[in-house]
Protein chains: 2
Amino acid sequence: MPDSSPPVGAGDLLQILLDGSARTKSELAAITGLSRGTVAARVDALSASNLVKSVGEAESSGGRRAAQLAFNPAAGQVLAIDLGATHATIAVTDLAAHVLEVTSTRISIADGPSAILGAAFDVGRALLAGLPSARLLGVGIGVPGPVEHSTGQPFTPPIMPGWDRFNIREHVRSEFGVEAFVDNDVNVLALGEHTLRWRDVDDLLFVKVATGIGAGIISGGSLQRGAQGSAGDIGHVQVPCNRDSMRERGDEADLESMASGPAIAARLRELGTDAAGSADVVRLVRAGNPEAIDATRQAGRDVGEVVATIVNLLNPSVVVLGGSIARAGEHLLAGVREVVYRRSIPLATRELRIVSSRAGESAGVLGAAMLVIQHVLTPASIEARVAS
Amino acid sequence: MPDSSPPVGAGDLLQILLDGSARTKSELAAITGLSRGTVAARVDALSASNLVKSVGEAESSGGRRAAQLAFNPAAGQVLAIDLGATHATIAVTDLAAHVLEVTSTRISIADGPSAILGAAFDVGRALLAGLPSARLLGVGIGVPGPVEHSTGQPFTPPIMPGWDRFNIREHVRSEFGVEAFVDNDVNVLALGEHTLRWRDVDDLLFVKVATGIGAGIISGGSLQRGAQGSAGDIGHVQVPCNRDSMRERGDEADLESMASGPAIAARLRELGTDAAGSADVVRLVRAGNPEAIDATRQAGRDVGEVVATIVNLLNPSVVVLGGSIARAGEHLLAGVREVVYRRSIPLATRELRIVSSRAGESAGVLGAAMLVIQHVLTPASIEARVAS
């Protein structure tokens with residue numbers, strides 16, 4: 001049974017304008033069935049909040065000219081913070097997710113939340129100060145570890161010492177007086193990739209292969225986080241048995257221990273090649289080292305074993321591979337494709353595309369901005385904003 | 001960016017009444033912001049279609065009594081057909097998914113679509129004829145094989161000879177003059193189970209273990225079918241390696257070949273016990289046969305290896321096990337629980353419940369009815385109905 005729809009307020013009116021087209025008040029009354037007085041009152045409220053602006057005039061039936069109204073993405077700004085193990089990218093965007101200012105820096109996430117967030121906030125404040133006028137509506141943050149969705153708190157994150165159950169929202173509120181939206185880095189990348197390149201696709205799987213391995217799931221057009229927010233953790237699933245695997249029967253090994261950057265580096269060390277971690281693997285693959293290329297392709301096959309299961313389970317139309325190992329060339333992609341097209345059922349692979357991420361460095365901050373924008377532009381949030 | 005909302009029509013007005021509470025026209029005008037004239041016109045249209053009925057009067061502010069309006073689930077009926085390999089259950093429900101009439105019969109799905117659907121339609125017509133007045137709004141059908149969602153056609157279904165790409169919708173249209181909604185039996189069971197017992201749960205995984213093995217996925221409150229409609233096919237995924245498995249390294253075996261009813265029966269035959277298929281396994285387990293109980297528990301562990309991957313991937317709050325093997329006792333459930341709680345990450349299992357299906361035989365027809373009801377009660381469908 002569908003839920004009851006909310007009352008038709010200013011927020012609902014704004015949804016109509018989010019397609020980017022301008023309309024007159026008469027057109028809005030005709031579209032919604034609202035009385036002209038109600039439309040006028042709600043447009044006034046939206047204009048007072050700067051969410052709607054006049055963009056010219058249209059010829060009306062009586063020969064008079066009527067104001068054309070449009071959504072104003074400059075009504076507010078979003079601070080987007082994309083944190084990795086060793087990098088931070090910080091951007092200010094408008095409400096259409098256009099990046100207005102951006103800066104990147106090296107960090108160590110293990111320095112803990114006060115140091116890392118403090119430095120990111122300093123950068124954010126400087127970026128905001130550089131804008132002619134800024135009205136911060138929210139802060140979106142991606143972090144390299146699991147996040148409990150209901151609280152926005154990192155939950156026993158393996159590579160983020162000091163961050164476990166740290167109250168990021170409260171920290172942001174006391175600093176900027178606005179709400180924070182926190183999610184894990186892979187969900188944020190999936191949102192960014194979807195927004196940038198695949199808006200028309202309802203079912204997308206994003207897989208990041210780097211120092212860790214994780215997935216972001218878009219099903220039915222929405223990011224799926226699951227009950228607690230831990231959906232997408234494929235790094236800790238057991239890999240199906242297969243003939244090509246290096247494993248002995250009875251080994252219990254999860255995907256991350258077989259196919260992550262450090263796992264590939266460990267295999268190269270066994271073969272006598274000096275490789276400490278993901279960065280060395282990427283360097284060797286780019287230099288054409290045959291062992292590194294072979295090991296990366298084998299990692300792709302192992303990732304493919306798990307992706308094949310997910311393709312049968314979720315029937316996405318696009319699988320996007322990202323992360324440093326995927327960006328080192330086509331070898332990981334080739335291994336994934338080899339296994340997925342062999343293993344998955346025909347109906348699930350008939351129109352399946354498996355591609356490398358093209359969104360690049362900006363996907364993280366874009367996704368972090370979308371965490372905020374998807375929230376502040378819901379009818380209920382707009383309602384609260386214009387009423388206050 | 002959220003989509004534009006549709007115009008506020010009679011369909012949107014009805015959504016407000018779907019919570020089951022009665023309201024006056026004045027209340028509806030206040031809730032929606034629609035003018036009183038618009039509300040009156042839309043209520044008239046809904047009343048003419050019988051979707052809204054008067055249920056008494058409320059004291060209005062001026063001392064006059066105003067009619068209370070409510071959703072009328074008797075405005076139309078749904079024919080729900082749940083087809084398995086060897087059974088058919090046929091029911092007529094109202095628009096609140098209450099079963100008005102139901103009958104079950106033995107069939108062989110391999111008799112093909114004309115024979116099977118013809119017989120089901122005869123039963124349906126007889127059930128409808130038994131009602132004092134009936135207005136059929138749609139037919140919902142669950143079938144034991146993959147269905148291409150965009151066409152409603154079975155797609156290379158392994159146990160349904162003669163059904164491949166059969167145009168069920170056209171068959172229903174020429175017979176009843178209404179739309180048909182077709183889905184695979186496991187999606188239909190997941191919808192039925194969700195509607196009956198877990199309406200408040202947004203993330204649910206339904207796993208059926210019988211002659212075949214499949215899953216139905218509810219994420220973010222909605223059934224997820226994927227790009228072509230094949231989501232949930234876990235019978236053909238490779239099972240992760242594990243110490244307990246009977247398999248040799250290098251075997252390639254999918255879940256169905258390891259843990260389905262026929263696979264358990266085959267294992268029992270190797271041990272010298274006479275068992276031809278699922279029905280014998282169920283009989284032996286219920287009789288307390290120790291080999292059958294052990295083999296069923298081991299099948300549960302194998303199912304658990306795949307469910308553990310899905311729990312990490314989707315983070316559901318409930319996993320429901322159904323199908324004949326699950327209904328034979330707690331042994332399959334025990335095996336699944338044993339593996340899932342050992343393998344899945346803490347955040348994903350902290351509040352996870354793994355339970356046996358309680359909806360029983362009625363879940364199939366109830367889910368088939370929901371396929372129709374979810375469609376005919378959308379604002380756009382109601383709009384089209386009251387306009388015609």
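Rounding to the nearest 0.5 Å places CD of A/Q238 at 4.0 Å from CZ of B/R343. Note that the CD1 atom of A/I234 and the CD1 atom of B/I310 stand 13.5 Å from one another [nearest 0.5 Å]. Interatomic distance, A/L314 CG to B/S219 OG, rounded to the nearest 0.5 Å: 7.5 Å. Distance OG/A/S344 to NE2/B/H236: 12.0 Å, rounded to 0.5 Å. The CD atom of A/Q228 sits 4.5 Å away from the CD atom of B/E351 when rounded to the nearest 0.5 Å.
Both the backbone and the side chain of A/T309 come within contact range of chain B, each with at least one heavy atom under 4.5 Å from a heavy atom of that chain. Within the 4.5 angstrom heavy-atom criterion, only side-chain atoms of B/I217, from C-beta onward, approach chain A. There is no contact between B/S222 and chain A, counting heavy-atom distances below 4.5 Å. Neither the backbone nor the side chain of A/V376 comes within contact range of chain B, judged by heavy atoms closer than 4.5 Å.
With sequence neighbours excluded, the residues forming a side chain to side chain donor-acceptor pair (under 3.5 Å) with A/D183 are A/N187, A/R225, listed by chain and number. B/H375 is linked by a ring pair (Phe, Tyr, Trp, His ring centres under 6.0 Å) to B/F181, counting only residues two or more places apart in sequence or in another chain.
In terms of non-hydrogen atom pairs under 4.5 Å with chain A, the most contact-rich of B/G232, B/G220, B/S35 is B/G232.
Listed for the A/D233 side chain is no donor-acceptor partner under 3.5 Å among the backbone atoms of B/N312.
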**Report entry** Check against side-chain contact (heavy atoms from CB on, under 4.5 Å), B/Q224 and A/Q224
**Finding:** CA-CA 11 Å; B/Q224 302 295 342; A/Q224 301 295 342; 3.5 Å; yes
